[in-house]
Participant: 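First the structure, then my questions, so here it is.
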Amino acid sequence: MGNEATDELLELLWILREEGEDRLTEVLQAAEAANAEETLRNMAREGLINLRSDRVILRQEGKKRAEEIVRRHRLAERLLWEVLELEQRYIHPEACRFEHILSPEVTESICTLLGHPHICPHGKPIPRGECCTKFKTEVKPLVVRLIDLEAGEEGTITFIVPRSHSRLDRLLALGITPGSVVKLHQKRPSYVIQVGETELAVDDEIAHDIYVKRGIERKGQ
Amino acid sequence: MHGHGARGGHRFRKGADRAIVLVGNPNVGKSVVFGLLTGQYVTVSNYPGTTVEIAQGTTGFHGSRSVVIDMPGINSLIPMSEDERVTRDILLKERSQVVLQVADAKNLRRALLITLQLAEMELPLILDLNMTDEARSRGISIDSRRLSDILGIEAIPTVATRREGTDRLVKELSNPRVSKYTVKYDRRIEEAVGKIAELLPEQPISRRSLALMLLAGDTSLVPWLKAYLREDIITKIDQIRQAVQAHYPDRLSYVINQQRMEAVDSIMKEVYSVTDKTGTSLAAHLSRWSMHPVGGIPILLGVLYLVYKFVGEFGAGTAVDFLEGVIFGRYLNPWSVRLVEYLVPISIVRDLLVGEYGLITMGLTYAVAIVLPIVGTFFVAFGLLEDSGYLPRLATMVNRLFKIIGLNGKAVLPMVLGLGCDTMATLTTRILETAKERILVTLLLALAIPCSAQLGVVLGMLGTLSLRAALVWAGVVLGVLLAVGFLSSRFIPGRGSDFILELPPIRIPQFSNMLLKTAARIEWYLKEVVPLFLLGTAVLFAFDKLQLLDIIRKAASPVIVGLLGLPIQATEAFLLGFLRRDYGAAGLFMLAKAGQLNPNQTVVSLVTITLFVPCIANFFMIIKERGLKTALGMVGFIFPFAFLVGGLLNIALKYLGVSL
C-alpha cells in the first residue's frame, strides 16, 4: 500500500471524478496537503496518473488503487455507522484512518459481514469488490443475531456477547461456542435451539446475545 | 465445608475397598448404569452441608467390594451449580477411587469436555459411551477404539437399558487406567500452572488439575485452600492468577475451557462422524408439538388432565378412601387406641398419642393415610413426566408467563408439585438457582397454590354452587398469585437466573428406573416430611390443652364477622385453617352443608382460606429451608393479607350487588 499522501490524493481524484471534475486547479484547491502539486508529479512519474495541460486523469493502475481506497473508506464508514453505531460526526474521520490500514482480507470480511452494501452512509456508491461479484446471490447480511434467523434455519456461531461471565461458561459447557453450528427450532413460546444433539430452551435475552453466520460452516467434520 | 477435609474421604466408604464414582452430563442414563452395578439396596442422602442428593449402593465382583456413588448430572468440573461443586468435592477428597464417566454417545462433544478434565485429575477412568442406539439412529458413528487409543483409557459403547456392552464395562472396572492425554494450553497458562502446582500439597487428584482450577478462579475452592495452604501462599497464587488474567480480555475460566474445547474438537474430528440423518423420528415430532405455541396447549391440558385423573381421582380419592377409611379407620387406629389405653396409664400422654389431636390418630393418619397416597401417586406421575422428557418442555411453554412474576420456566416444577403437596414443593425449590427465586416460589406456594387435599374440599364446595362462583374463586386466587409475584419480585432483593434448560429427547420411561426413583422419593418423604407432620400435630395438641384455641377464637371474631361478613361459627374453621388450611376448608364445608353460609359467604371464606399458609408442616418446612426470620416474615404477611383480600371481595360483592 503506497504512502498516505498518494492514497489521499487518489481518493480525492476518485471523488472528484464521480462529480465529473478533473481540472488541475480544482484538484489542487480541494487537496488539503500543501505539497499536493509535487505529490501529483511523483504520481505521474509512477504511472498512476496522466497530467495533461490542466487536467488530471487516472491511469489504469491509479484507478484500481483509488477504487480500493474508496471502497475501504466507505465500507469502514458503513461498519462504524451500522454495526458500531457511532455518531455521525465521528464516522468520516475514523474511516479516513481505516482506509489506510485495512488489508484486502479484512476488507472482504467487512464487506461480507455487511452483506455487500452498495452505498455508503452518505449515499455514495461503494465500488464493488471481488467478493461482491463472487457471492452475487448472497444479499442477506452474513452475521445476524440468532433471533434474526427463521425458525428451522441453521447458522454458525461467530460470537457471543459476554454480558456475564458465568453465562458464557455455562453456554460453553453445553457446547454453545463460537464455531459451533446452531439450529433455531422455534421462537415461541420460548427460543429452542440445537447444537449437535443438544437441544436447549433459552431466554430471549440469551438468544439476543448470540451472533451467527447464516448457513453451516463445518470445520473438518 | 470446614473440617470435612481429611475425614470426608471416608464418609462414603463403610468398609468397602474402593469407591466407584459415577460422573456424567444430565440425562445420559447414569442412574440406569448405577442400577445395573448395584442392583440391590440403595440409599439416598444429602451430601453433608448441602441439598445435593447422592445415591449410594455397593457392588461386589472379582472378590472385592466397592461402594458405588451416583453423582448428580454435571456439565463442567469448574462448578457453576451446587451439584457440580459437590461432584468436584467428592473427586477431590475421595481416596482410591475409580471414575466411571457415563457419556451420551450422540453428545460426545460435551462429554469429552468433562473427560479431559477427569484425565487432567489423573484419576483411574473408564468412559462409558452409553445410548449408542440413539446415536446410531441419528446416523452418528463413533470410533471407540480410536478414542480409546487417543485417551489411553477404555471407551466402551453400551446400551445400558438393554444391557448391551455392560458386561465388558463391569470387567474393565476392575482394571481401570489413568489417561495419558494432556491438553496443551497457551504458554502463559502452562507457565502459571507450573508455578502454582509447585505450591500445592499432595492430593488425591493431580496438582496440575488443581492448579488449573485455581487459575480459573474457582471461588468454590476457597474453603479447601484455607484448610490446606498458608495465607501467604494463597496470596501468591492469587497474584500469579491476576498476572495471567491481565493478558486476556476474557475471564481465565472461559479461556481455559475454550482451549479444552479446541482439544475436544480435534479429538471429535478423528472419532465422530455423522452420515445422512434418517428422517425425523416420531419422538422428534412429539417434541416439536409439545412446545408448539398453539399445539402445545392442548397437549399441556391433556397431560394435566391425566395427572389429575391419576393423582386427584385415584390417589386422593380411591387410595385415600381405602387407606384412611379401611386400613387406618377400621384397623390401625382402633388397635392403637386399645393398645395405648392398655399400656399407658397417664391420660395426657394417651391423648398425645391417640386423642383428638394425637400423634397417631391425627399426625400419622394424616401423613400416611391422606398425604402419602397423594404424594405417592404424584411421584409416579412426576417421575413419568420427568423420564419422558415432558417437564422441561412444559417449562419452555410457560417461561414467558413466569417472567411476569420474576421467575423463569424452571419454577413451574415446584409450582406443579405444589398442587400435590406444598410442603414437598417447598423442599424442591432447591432446584432453583438463586436465593431470590427460592424465596419467591416459597412465598407463592404458601400463599396461592392450593394443595390437592385442599383443592379436593374447595372443588367439592364450589361444585355445589354456580360456575360463576367457581370462576370468581379461581380468578381472585390467580390474580393474587400474579399480583403478589409481580410486586414481590420487585421488592425481594437479589436477581433471577438465566433460563437455559436442556431438553432431553422424548423417551418412553423405563419401568425399573421409575420404580427405583419413586421408591427413593417415598423413602425421603417418610424421613424428611413425616416428622414435620408429627411436630405440627404436637403443636396443635399443645394449643388445645392450653386452651389457646378459645382465646384466639374470641379475639378473631371481629375480623370474621365484621370484615368478611361471615357467621361467628366460621371462626373455628379459620382457626383450624391456621394449622391446616384444608381442615379449615373442611370446617367451612360443614357449615355450608348445614346451610349457615350463603353462596357469597362461601366464596369469600374459600378465597380467604385458600390464601392461608397451607399447614403447620409447611410452616416448619419454610423455617427449615428459608430460616426462621424469612418464615415469620412470610407468615406475618400471608395471614393479614388473606383476610384483607377476603374482606375486599366481600365489600366488592356487596357494593356491586352480585349474588353468586
Side-chain angles (χ1 to χ4, degrees), chain A residues 146-147 149-154 156-211 216-221, chain B residues 25 74-78 80-81 84 104-110 113-114 134-135 138 140 216-217 249-251 253-254 257-258 260-262 264-266 268-270 272-274 287-288 291-294 296 392-393 395-401 403 408-409 498-505:
Chain A
L146 182 58
I147 56 163
L149 292 184
E150 297 294 319
E153 240 186 306
E154 282 185 298
T156 308
I157 299 178
T158 52
F159 62 94
I160 301 164
V161 180
R163 219 168 285 276
S164 94
H165 292 302
S166 59
R167 183 187 293 171
L168 271 186
D169 286 341
R170 251 179 95 182
L171 290 173
L172 183 134
L174 291 166
I176 315 281
T177 53
S180 341
V181 175
V182 59
K183 182 170 184 182
L184 179 67
H185 279 301
Q186 62 178 61
K187 299 182 176 187
R188 299 203 156 259
S190 290
Y191 282 92
V192 174
I193 61 175
Q194 183 172 347
V195 170
E197 293 296 332
T198 300
E199 209 175 313
L200 299 167
V202 297
D203 270 333
D204 305 6
E205 210 187 311
I206 295 168
H208 267 271
D209 284 353
I210 299 176
Y211 283 74
I216 306 173
E217 270 188 14
R218 269 186 220 281
K219 286 179 189 162
Q221 283 175 28
Chain B
N25 298 95
I74 55 160
N75 287 314
S76 170
L77 285 165
I78 294 180
M80 285 169 273
S81 67
E84 292 173 350
D104 172 359
K106 63 183 183 300
N107 270 316
L108 186 64
R109 186 166 176 252
R110 280 170 58 197
L113 188 68
I114 296 175
E134 280 191 8
R138 286 158 205 239
I140 293 165
D250 289 317
R251 209 163 58 151
S253 63
Y254 188 68
N257 255 336
Q258 215 172 13
R260 268 188 202 127
M261 202 48 129
E262 279 163 24
V264 166
D265 284 337
S266 74
M268 287 289 283
K269 254 184 236 167
E270 294 195 43
Y272 187 91
S273 56
V274 188
S287 168
R288 292 273 78 77
M291 293 183 292
H292 192 274
V294 182
R393 286 168 174 83
T396 304
M397 285 295 291
V398 300
N399 183 39
R400 272 180 219 239
L401 198 66
K403 286 272 161 181
N408 71 40
D498 282 348
F499 179 64
I500 304 176
L501 191 60
E502 190 177 349
L503 306 169

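Each chain gets a letter, A, B and so on, in the order the sequences are listed, and its residues count up from 1.
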Participant: A:Ala173 and B:Leu113: which non-hydrogen atoms are nearest, and at how many Å?
Facilitator: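 Smallest interatomic distance, heavy atoms only, reads CA-CD2, 3.8 Å.
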
Participant: Tell me, out of B:Asn107, B:Asn75, B:Asn408, who's got the most heavy-atom pairs with chain A below 4.5 Å.
Facilitator: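 Maximum pair count with chain A is reached by B:Asn107.
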
Participant: Restricting to side-chain contact (heavy atoms from CB on, under 4.5 Å), what partner residues turn up for A:Pro189, sequence neighbours left out?
Facilitator: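 Here the qualifying residues are A:Gln186, B:Pro293, B:Met397.
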
Participant: Does any heavy atom of chain A fall under 4.5 Å from the side chain of B:Ser287, the backbone, both, or neither of them?
Facilitator: side chain

Participant: Search all heavy atoms of B:Glu502 against all heavy atoms of A:Leu200 and return the closest pair with its distance.
Facilitator: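 In this case the closest contact between B:Glu502 and A:Leu200 is CA-CD2, 3.6 Å.
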
Participant: Side-chain contact, heavy-atom cut-off 4.5 Å: A:Gln194 with B:Leu503?
Facilitator: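 A:Gln194 does not reach B:Leu503 side chain to side chain.
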
Participant: Out of curiosity, B:Asp104 CG to A:Thr198 OG1, how far, rounded to the nearest 0.5 Å?
Facilitator: 7.5 Å

Participant: Top residue by heavy-atom pair count (under 4.5 Å) with chain A, among B:Arg251, B:Met261, B:His292?
Facilitator: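 Most pairs with chain A among the choices: B:Arg251.
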
Participant: Does the pair B:Phe499 and A:Val202 meet the rule for a side-chain contact (heavy atoms from CB on, under 4.5 Å), with working shown?
Facilitator: CA-CA 5 Å; B:Phe499 179 64; A:Val202 297; 5.6 Å; no

Participant: Need one label for A:Ile206: side chain, backbone, both or neither, based on atoms under 4.5 Å from any heavy atom in chain B.
Facilitator: side chain

Participant: Measuring only between side-chain heavy atoms, which start at C-beta, is B:Gln258 closer than 4.5 Å to A:Thr177?
Facilitator: no

Participant: Among A:Leu171, A:Val192, A:Val195, which residue has the highest count of heavy-atom pairs closer than 4.5 Å to chain B?
Facilitator: A:Val192

Participant: Under the side-chain contact (heavy atoms from CB on, under 4.5 Å) rule, what do A:His185 and B:Met291 come out as? Steps first, then yes or no, please.
Facilitator: CA-CA 10 Å; A:His185 279 301; B:Met291 293 183 292; over 6 Å; no

Participant: Do A:Asp203 and B:Lys403 touch side chain to side chain, with heavy atoms closer than 4.5 Å?
Facilitator: yes

Participant: Relative to chain A, which segment of B:Leu401 carries a heavy atom at a distance below 4.5 Å: side chain, backbone, both, or neither?
Facilitator: neither

Participant: Please round to the nearest 0.5 Å and tell me the distance separating atom CZ of A:Arg170 and atom CD1 of B:Ile500.
Facilitator: 4.5 Å

Participant: From B:Tyr254 OH over to A:Leu168 CG, what is the distance, rounded to the nearest 0.5 angstrom?
Facilitator: 5.0 Å

Participant: Tell me, side chain or backbone of A:Ile193 under 4.5 Å from chain B's heavy atoms, or both, or neither?
Facilitator: neither

Participant: Do the non-hydrogen side-chain atoms of B:Leu108 and A:Glu197 ever get within less than 4.5 Å of each other?
Facilitator: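 Answer no - side chains too far apart.
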
Participant: Indicate yes or no for a side-chain donor-acceptor contact from B:Asn399 to the backbone of A:Ser190 under 3.5 Å, with no hydrogens or angles considered.
Facilitator: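 Judged by distance alone, no pair lies under 3.5 Å.
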
Participant: Which value, rounded to the nearest 0.5 Å, describes the distance between A:Arg188 atom CZ and B:Thr396 atom OG1?
Facilitator: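 Nearest 0.5 Å value for the CZ-OG1 distance: 14.0 Å.
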
Participant: Please rank B:Pro392, B:Ser253, B:Ser76 by heavy-atom pairs under 4.5 Å with chain A and give me the top one.
Facilitator: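 Top count of heavy-atom pairs under 4.5 Å with chain A: B:Ser253.
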
Participant: Is there a donor-acceptor pair under 3.5 Å between the side chain of B:Arg109 and the backbone N or O of A:Gly196?
Facilitator: no

Participant: Sequence neighbours left out, what passes ring pair (Phe, Tyr, Trp, His ring centres under 6.0 Å) with A:Tyr211? Give chain and number order.
Facilitator: A:Phe159

